[in-house]
Number of protein chains: 2
Amino acid sequence: MQEKECLKNSKKQRLNTIVRIISENSVETQGQLTKYLISEGFDVTQATVSRDIKELRLIKIADRGDKYRYALPGKESNVDIRTRYTAVLTHAVITIQNASNLVVVKTIPGSAQGCAMAIETLDFDRVVGVIAGDDTVFIAMNNEKEAAAFAKTLMECVN
Amino acid sequence: MQEKECLKNSKKQRLNTIVRIISENSVETQGQLTKYLISEGFDVTQATVSRDIKELRLIKIADRGDKYRYALPGKESNVDIRTRYTAVLTHAVITIQNASNLVVVKTIPGSAQGCAMAIETLDFDRVVGVIAGDDTVFIAMNNEKEAAAFAKTLMECVN
DNA sequence: ATAGTTTTTGCATAAATATTCAAAAAATAT
DNA sequence: ATATTTTTTGAATATTTATGCAAAAACTAT
């Protein structure tokens, strides 16, 4: 029992290290990550890194300049947020209408929350509040005029 | 100018369709997505699908049952929370003890609330309730045996 | 301790994905 | 219209990632 937790700890350390490495560096491939790990003293191959990434549920995202990089899921937002959310809006929005001081956006099923988040994050001017169901987003503006203007802005945004 | 927007529209339609398809189905590979698109009348190859996925900034995430699937970015934030909370626990927890059906966690000052939230969010099995002061967390389990087991789990979690 | 079980890992390779390059289509300018 | 530039695409292929399998390590029970 003298080496009880040796391998286990080593793996845990490695997983933690992977999270740190991809947080601190732009890691484009598993091969690159493997090199980072080796340089920190871990004896590891791409195969294991692939398994680790699966276990950590890391994701590979399109980054600036035609590159890809690994990231923590849900954390990719800090990079290139505008492009990303614009893309989400562009492809998920079906219709945009304005009614009184509301703008009503219909989306493909399940995408309303994502669109709402996109709209909030993109921080369009004068948005008072946003609420989303499954395929519908309500955006509250100060008045009818602003709602109309915002609907137009949104339409331009999604093409 | 007679065919002004023909290709453009076709691509946009395809991108929209891709978002819909991955929203409605569990799409594991680009090859599979290509087949879906072909079955909907798009004349497309894996190479183009790869480019579309990059443009849409879709992500491939680890799914249940050793599978992968494509998803819209920003929809999987719960996993990141997990990683982050594990880190919180790892760095803030000082001691873990069990007394009767309680597990008592001592933390660095001011971190108990955070640890409590982490424990709740991580949703360890059979936790009945969690309460936190400034540097102490009480975790209520159903009985002494479960408290002992949970204390052990927690210890492993924080290393 | 020893035997049995589970987990982790590397190697080799299968599978999947990204990209180069050239051609065609589309958009733009004249 | 024609010429020019930009965008889109497929085929082939390079690159990257995932996995079957066997061996080793770690854990568990006795």
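A note on names: the letters A, B, ... follow the listed sequences, proteins ahead of strands, and every chain is numbered from 1.
A salt bridge does not link Glu40(A) with Arg14(A): none of the charged nitrogens is closer than 4.0 Å to a carboxylate oxygen. Look at Arg51(A) and Glu55(A) and you find no salt bridge, because none of the NZ, NE, NH1 or NH2 atoms lies under 4.0 Å from a carboxylate O.
Of the candidate nucleotides dA11(D), dT17(C), dG10(C), dA11(D) has the atom lying nearest to any side-chain atom of Thr45(B). Of the candidates dC11(C), dT16(D), dT19(C), dT19(C) carries the atom nearest the Tyr68(A) side chain, counting heavy atoms from C-beta on. Closest approach to the Ser50(A) side chain among dG10(C), dT17(D), dT9(D) is made by dT17(D) (side chain taken as heavy atoms from C-beta onward).
Neither OP1 nor OP2 of dT7(C) sits under 4.0 Å from any side-chain N or O of Lys11(A). A sub-4.0 Å separation between OP1 or OP2 of dG10(D) and a side-chain N or O of Arg51(B) is absent. Residue Gln30(B) places at least one side-chain N or O closer than 4.0 Å to OP1 or OP2 of dA18(C).
Within the 4.0 angstrom heavy-atom criterion, only backbone atoms of the sugar-phosphate kind lie near Thr48(A); the bases stay farther away. Residue contacts shown for Asp52(A) are absent, as no nucleic acid heavy atom lies under 4.0 Å away. Using a 4.0 Å heavy-atom criterion, one finds that Val49(A) contacts no nucleic acid atom at all. Among the protein residues, Phe42(B) comes within range of no part of the nucleic acid, since none of its heavy atoms lies under 4.0 Å from any strand.
Between the side chain of Arg69(A) and the base of dT16(D), no donor-acceptor pair of N or O atoms lies under 3.5 Å.
At whole-Å resolution of the value, CD in Gln46(A) and C1' in dT16(D) are 7 Å apart. As a whole-Å value, the separation of Leu56(A) CG from dA18(D) P is 13 Å. For Lys54(A) and dG20(D), the NZ to C1' distance is 12 Å, given to the nearest whole Å. Per the geometry, CG belonging to Asp43(A) stands 10 Å off C1' belonging to dT9(C), to the nearest Å. For the pair Gln32(A) CD and dT15(D) P, the interatomic distance rounds to 15 Å; values are reported in whole Å. In this entry the distance linking NZ of Lys35(A) with P of dT15(D) reads 13 Å, nearest Å. Going from atom CD1 of Ile53(A) over to atom C1' of dA18(D) covers 11 Å, rounded to whole Å. The interatomic distance linking Tyr70(B) (OH) with dT17(D) (C1') rounds to 10 Å, in whole Å.
Checked by atom type, the side-chain pair Tyr70(A)/Gln30(A) shows a donor-acceptor distance below 3.5 Å.
Taking every heavy atom of both residues into account, Leu37(A) and Thr17(A) meet most closely at CD2-CG2, 4.0 Å. When all heavy atoms of Leu102(B) and Ala140(B) are compared, the pair lying nearest together is CD2-CA, 3.8 Å.
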